[in-house]
A.B. asks: 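Dropping a structure here in structure tokens format, bear with me for questions.
Within every chain, numbering begins at 1; the chains are lettered A, B, ... in the order of the sequence lines, protein sequences first and strands thereafter.
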Amino acid sequence: MTVRGPAMLKIEAVSKRYGYGASAVTAVDNVSFDVAAGEFMSIIGPSGCGKSTLFHVIGGLTGADEGRVSVEDEPVTAPHPAIGMVFQEESTFPWRSVAANVAFPLEVQGVAKRERLERARRFIALVGLKGFENHMPGELSGGMRQRVSIARTLVSEPKILLMDEPFGALDEQTRLLLGEKVLEIQQELKQTTLLITHSITEAVQLSDRVMVMTFRPGRVKRFVEIDLPRPRTAEVMTSDRFGHYVAQIWGDLREEASRGMAAQEERVRTHPGV
Amino acid sequence: MAGKVGAMKKKTWLRAEVGASRAIACLVLLALWQAIALSGLFFQDVVPSIDRVLFAFWSVLADPLFYRNLGVTFGEMLVSLAVGCSTGLAAGLALGGSPFLSRAYEHFLHYLGSAPKIIFFPLMILWFGVGPGSKVGMGVISCFFPVAISVAAGMRAVNPVWIRVGRSFRASPLQMVTKVYLPAMRTPILNGFRLGVGVAIIGVLLAETKLSNQGLGFMVMQSYSRFDMPRMYALLIIVIAMAVAFNTLAMRLAGSKP
Ligand SMILES: Nc1ncnc2c1ncn2[C@@H]1O[C@H](COP(=O)(O)OP(=O)(O)OP(=O)(O)O)[C@@H](O)[C@H]1O
Ligand SMILES: [Mg+2]
């Protein structure tokens, strides 16, 4: 077990429901955890278990029904300056060029045009899009657009990086390479990182700790400490211990994922055509 | 390759055919018009012969008074578009941005928006007089509603992810409007403006023909009351051309890409 620093991000007994009465859905139920300064933590759970809901609550975009989120003991009630978010959905601005998209957070902060374009260019190169600065998002592939939104969040160099399935639209190779890049930046800036993912290998490859969530209501099922040396080289990733972690998490997840699938089948049976 | 050339040939041939068909239709209509004018079927001058309309057309174009009145109508149009579009935009943003305001007031916007604006004309005369003021008033209330309705609906249709991105980077309310909402709403806003231009023209010209002392509508009615039919037709042609020009301009604006 690694020694963790003081808590940077604290989630205390957070619950969130959608809807009222009989049709109410508890998306997140009594979830608590800390993320230490500089820690890389992943959240993994079946589709629809409430990961994005939790992500929005932590980012200060939606209020929790119960519980609280705090950054260095400061309660989060609105988007916090220390937090940068990468969204699961396609989120580039189609009316802005790649460079203008990436420079957006700096523009909002009032950074001078020269400087923000320079900084944007650095992060565009970092996600492998050098040469596409003046392209419009509509001219890029889905995976390239997702890299633009990753660069857009990285450029503001947030102390806490929240990412909701940021590599979801990417192919395996790009996903691995980009994961390494993000990890490099994270280590360099000592960023506290919370990654939501549905890839078990990705979670084990990148994280210090993985949190597995249950399917509806979304609760904490288990924390898995990933006690593997860094950097996570190909050698580490092919080791028995790596495989052991993957198998352990898959065991937990399998149960929840099958419950999720069953719930969806049930829904199709009882609400045909929905 | 041969097939492609053949298809292209066919297409240009079709276009030529369309043009020819239109030209023939025009000629037939003009011939019909001329025949009726010469037949004496109608009371004298109700359908003046084409040469007399053309002559009146030239004399209108040579008349300095025409240009003064054209300027008045043009000015009324511009002012009512500026005021109607900007107030409509502001109201649309307020309604689209606040579920409360929308719940409280948007019904009225739809009711008033679909009412014929000419019923407000007496009020406009009372408030702003018989001069250009009341015409601008009519143009503004015509333009305001379609712009406000279109902007409000467009604002609600903005992709919520873009809003979340803006908020997550802590954009101020003003930055949210200028950097997220307005660019995201380009199409509905321009569509609203386009509809607004169309009805503003109707509002202004209708008001001018009802009661006024200046403007193109006034000149039309003046010719009518003097029973100067050739001049009236000539003016109508000019008014229609102006309306078409404004509408085409607005359509170009709405359809163009940045
Ligand atoms: N705005 C909303 N209104 C009502 N229900 C919602 C809303 N957003 C999410 N839900 C419901 O809450 C539950 C959790 O959704 P959430 O998006 O957090 O899942 P997720 O874990 O991110 O799934 P995925 O991995 O597929 O992205 C789902 O059952 C969903 O139907
Ligand atoms: Mg999600």
A.B. asks: Of the listed residues (A:P158, A:G60, A:S149, A:P94), which shares the most heavy-atom pairs with chain B below a 4.5 Å separation?
C.D. replies: A:P94
A.B. asks: Against chain B, label A:R152 side chain, backbone, both or neither, depending on which of its atoms sit under 4.5 Å from a heavy atom there.
C.D. replies: both
A.B. asks: Which heavy-atom pair separates B:R170 from A:P79 by the least distance, and what is that distance?
C.D. replies: NH1-O, 3.3 Å
A.B. asks: Take atom OH of B:Y105 as the centre, draw a 6.0 Å sphere, and report whether it contains more than 12 heavy atoms from other residues, nucleotides or ligands.
C.D. replies: no
A.B. asks: So do the side chains of A:E89 and B:N159 get within less than 4.5 Å of each other, counting heavy atoms only?
C.D. replies: no
A.B. asks: Which residues from residues 107-125 of chain A are near chain B, with near meaning under 4.5 Å between non-hydrogen atoms?
C.D. replies: A:E107, A:V108
A.B. asks: Who wins among A:V86, A:I83, A:T153 for the most heavy-atom pairs under 4.5 Å with chain B?
C.D. replies: A:T153
A.B. asks: Can you tell me how far CZ of B:R164 sits from CE of A:M85, rounded to the nearest 0.5 angstrom?
C.D. replies: 8.5 Å
A.B. asks: Considering only heavy atoms, which portion of A:H56 lies under 4.5 Å from any heavy atom of chain B: side chain, backbone, both, or neither?
C.D. replies: side chain
A.B. asks: How about B:F169 and A:S156: do any of their side-chain heavy atoms sit closer than 4.5 Å?
C.D. replies: yes
A.B. asks: Can you name the nearest heavy-atom pair linking B:S168 to A:L61, along with the distance?
C.D. replies: N-CD2, 4.1 Å
A.B. asks: Give the minimum heavy-atom separation between B:K179 and A:W95, together with the two atoms involved.
C.D. replies: O-CZ2, 3.6 Å
A.B. asks: Minimum heavy-atom separation for A:T92 and B:W162, please, with both atom names.
C.D. replies: O-NE1, 3.0 Å
A.B. asks: With a cut-off of 6.0 Å (strictly less than), are more than 12 heavy atoms of other residues, nucleotides or ligands near CZ of B:R68?
C.D. replies: no
A.B. asks: Do other residues, nucleotides or ligands put more than 12 heavy atoms under 6.0 Å from the CZ atom of B:F246?
C.D. replies: yes
